Engineer: 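Have a look at this one before I ask anything.
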Amino acid sequence: MIAQVIVDVAAYPVDRPFDYEVPKQMESLIEPGSRVKVPFGHRDVLGFVISVTEETEIASNKMKSISTLLDLEPVLTEEMLEMAKWMTKQTLCYEIDALQAMLPSALRAKYEKQVECLVEVSMLPPSLQAHFTKKMRVPYKLFETEALLLELKKAVKSKQVQIVTVVKQQGRIKSIRKFEVHADLTFLQQKHEELSNRARKQKQAIEWCMEHVGERFLPQYLADEIFISASVQKALVELGVGKFVEEELYRDPFTQEITPSYALQLTDEQQVALDAITEKMNEQQPETFLLHGITGSGKTEVYLRAIQHALDQGKEAVVLVPEISLTPMMTERFRARFGELVAVMHSGLSQGEKYDEWRKMQRGEVKVVVGARSAIFAPFTNIGLLILDEEHETTYKQEDTPRYHARDVAIWRGMHYQCPVILGSATPALESFARAQKGVYHLLTLKQRAKTQALPTVQVVDMREELHTGNRSMFSRALADAIRERLEKKEQIVLFLNRRGFSSFVLCRDCGTVVQCDNCDISMTYHRSSEKLKCHYCGDEKPVPTECPECQSEHIRFFGTGTQKIESEIYKVFPEARVIRMDVDTTRQKGAHERLLNDFGEGKADILLGTQMIAKGLDFPRITLVGVMSADTSLRLPDFRAAEKTYQLLTQVSGRAGRHELQGEVIIQSYEPEHYAIELAKEQIFEPFYEQEMRIRHRFSYPPYYYVVLIQVSHEDVMLAAEYASLVHEYIGQHLSNQVQIIGPTAASISRIQNRYRYQCLIKYKREPQLHDVLKQLIKIYRTDWMKKGVLMTVDLDPTSI
DNA sequence: AGCACGCCGACT
DNA sequence: GTCGGCGTGCTC
């Protein structure tokens, strides 16, 4: 029997199956999807069996055998293998990358170099001997000191030791030892009678066991509470009255208890949407629904009902949310409705916790998964519904290889299982809405709020005007008044700072120099907590200079508007306010996010101040004011989606106000209030924005009218970076039709990161059947030639930002 | 990717 | 003469 294996080596020449002989004893266990360890070249690597045959073209003297089967059950289903093939083609990645993407990281291998002693320890040089006292194989890293490495090198040469790479298994199943009472009562009675009367403790123990037939107990519990000591337990095991078993333990990622909830009364609109979806489910038809519903229109209740329908059909459901570690409330709603049937999957879980959740799905112990992007690969085998909430979010697109979009994967799986996909959003991606308009997706609209609360009032304040009338503070008069009013009424406030591209930097007021990172072409950010300057791209740190590095002036100080700056400003203007600040600094710790939100929910603060991360999912009844400090920072990004992103963001933050009985108010501060993205966000209706933005996309040939591909090239040498980027342009130009537009090469918006200069080309096309093949060819040239010359190139189909 | 093989300059 | 630089080529 021959197994075709994709090996865990991401490199161009080995991105294909390799044939391996299957050892006899594994024949009944090896299947497509099995995870194996195989000899490859001069070392062992992990691999995935993608198919099993009887034939091979490999000469039998060249063929090696699988050395270990790593799991009793295959970890990948046939569907996943198929999906990986598709993804490899779609995103132009290595097949191994696609396969790995479908598994929790615990099932990916780690490799460790070890040093193995081949001779008598006493034969070794004295400095090495000490490491081999217990084992003949020890980690290589023990030798990583200058002097030892030299000795080691010599020892390798004289074949006294050898260096081996071993595959480390990381997926640890957590288990606990328990005492299990024999399941047969008559057997216990028999043992009880047979036992001599002198064994008083054992007799008592068996009597107790007879009342707990087949049950499992912690040894500690038996000893402390039932007074069956460890030695008696041991005796019972010898008698066969019980045995010790390793019980698998799931690490429990939930901290809170579930309070069950029940289905809510649906509005007419919700009912219409739900009916359309369940109809397709009953017909077993694939269909993509775009559920366009304003904030508060009850999209979630539609999801919950549709999921219930899938469960009633005996099927499973996958729900994607942008990043649920940020929106615990969303998860809670699913858990409240479906209880123990729900698995969660997000970046806040440890590797082990993710693995446990994954296994629950694989074994069919749960039927619903609520998770971030990677949860789209849930190892279910009978999916009845797939949902992407906030489908416009860019977090659904993976930013590094494999650059898949969860939306595309969802639609693929929908086709595979012949089931519907729901894309839900208040501000759909332009692409999605355009598809819905064309009838590719089925549009479902929710126009009314589920509870009859009014929409918040939205006011846009012109900050230029404020400046002209002498207000130099970062709070406009309107916002300051509104804040004061809420503080008096003991209502809550959310202040949103769109920090991207506009944080605190250090500027010399004499010569205008801004302190830049030495490795990246970007201003460094001032961090008050550590009194340091940090580069947000490479993480480099510097002390805050006391004099200007250029002109030695002492008038150098930090500038700009970071959350920390605003926080201290708030304390100055509103000394009585209690503020919770949420940004990368205050939420780095595990669970910090949830804790801060809980604190705010419990009214321990008046103002929640934060960046992007507070835009989502906040739902507290006492929030009646949302302030956007500066709406236009995201508007000025050099990206054709800047307006769309700004609109989405403003709509989303506005949705945080007045979700319950109290009337909400939103104040947006802007230096460019006449921009359509801001004006139309104020109106709170999507269609006018859609129409306006579509006109612009059409005029400049951008999506959804054209597709785009972004190719980035970087090199340590500016000239070479530019040179290879123009080679890209040339190659594409020669091999594609003259219908394509190629923009560039241009310097990337951050022209240098980690000392590498970056150039990019943007390809715009409508219909280009050759495209994938041409790009594949280009990648081949890169991987076989350019890579050696220090070039890094990435190809991103449908990039989320440029 | 990672590693061995193999062919030319600066050391004992 | 040997050690070691990294170009080249292979991995079932």
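Here the structure is a predicted model, which means the values were calculated and not measured. Below, chain A is the first sequence line, B the second, and so on; all start at residue 1.
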Engineer: Cation-pi between A:Arg16 and A:Phe18: NZ/CZ under 6.0 Å from ring centre and within 45° of the ring axis?
Structural biologist: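 Pair A:Arg16/A:Phe18 counts as cation-pi.
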Engineer: With a 4.0 Å cut-off on heavy atoms, is A:Arg16 in touch with a base, just the backbone sugar-phosphate, or nothing at all?
Structural biologist: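 Base, at least one base heavy atom under 4.0 Å.
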Engineer: Would A:Arg783 pass as a cation-pi partner of A:Tyr94, given that its NZ or CZ must be under 6.0 Å from the six-membered ring centre and within 45 degrees of the axis?
Structural biologist: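 Here A:Arg783 passes the 6.0 Å and 45° test against A:Tyr94.
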Engineer: Could you tell me whether the phosphate oxygens of C:dT11, OP1 or OP2, come under 4.0 Å of any side-chain nitrogen or oxygen in A:Lys62?
Structural biologist: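 Looking at the OP1 and OP2 atoms of C:dT11, one of them is under 4.0 Å from a side-chain N or O of A:Lys62.
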Engineer: Does a sphere of radius 6.0 Å around NZ in A:Lys542 hold more than 12 heavy atoms from other residues, nucleotides or ligands, not counting ones at 6.0 Å or beyond?
Structural biologist: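 More than 12 heavy atoms, drawn from other residues, nucleotides or ligands, come within 6.0 Å of this atom.
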Engineer: Give one of base, sugar-phosphate or nothing for A:Phe40, where a contact means two heavy atoms less than 4.0 Å apart.
Structural biologist: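 Counting heavy atoms under 4.0 Å across all strands, the contact made by A:Phe40 includes a base.
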Engineer: Could you state the CG-C1' distance from A:Asp8 to B:dG2, rounded to the nearest angstrom?
Structural biologist: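 These atoms are roughly 12 Å apart.
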Engineer: Can you tell me the distance, in whole Å, between the CE atom of A:Met1 and the C1' atom of C:dC12?
Structural biologist: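 The distance from CE of A:Met1 to C1' of C:dC12 comes to 16 Å, rounded to the nearest Å.
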Engineer: Whole-Å distance between C:dC12 C1' and A:Glu21 CD?
Structural biologist: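 Value for this atom pair: 11 Å.
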Engineer: Check whether the side chains of A:Glu82 and A:Thr77 place a donor and an acceptor atom closer than 3.5 Å, and report yes or no.
Structural biologist: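 No, no side-chain donor-acceptor contact under 3.5 Å.
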Engineer: A:Lys113 has a side chain; which of C:dC12, B:dC3, B:dA1 sits nearest to it?
Structural biologist: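 Within the option list, the nearest is B:dC3.
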Engineer: Using whole Å, what does the distance between atom C1' of nucleotide C:dC6 and atom NZ of A:Lys789 come to?
Structural biologist: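 About 16 Å, once rounded to whole Å.
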Engineer: B:dC3, B:dA1, C:dC12: which one has an atom nearest the side-chain heavy atoms of A:His42?
Structural biologist: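 Comparing B:dC3, B:dA1, C:dC12 against the side chain of A:His42, the answer is B:dC3.
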Engineer: Once you round it to whole Å, what is the distance between P of C:dC10 and CG of A:Asp19?
Structural biologist: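 It works out to 18 Å between those atoms.
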Engineer: Give me the one residue out of A:Trp412, A:Phe377, A:Trp86 that meets ring-ring contact (aromatic ring centres under 6.0 Å, His included) with A:Tyr404.
Structural biologist: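 Between A:Tyr404 and the candidates, ring-ring contact (aromatic ring centres under 6.0 Å, His included) is satisfied uniquely by A:Phe377.
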Engineer: When you get a sec, tell me which of B:dC3, C:dC12, B:dA1 is the closest nucleotide to the side chain of A:Lys64?
Structural biologist: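 It is C:dC12.
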Engineer: How close or far is atom P of B:dA1 from atom OH of A:Tyr12, stated in whole angstroms?
Structural biologist: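 That distance rounds to 14 Å.
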Engineer: Contact class for A:Pro39 (heavy atom, under 4.0 Å): base, sugar-phosphate, or nothing?
Structural biologist: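 It contacts sugar-phosphate atoms only.
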Engineer: Let me know the distance between OH of A:Tyr111 and P of B:dC3, rounded to the nearest Å.
Structural biologist: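 So the OH-P distance, A:Tyr111 to B:dC3, works out to 12 Å.
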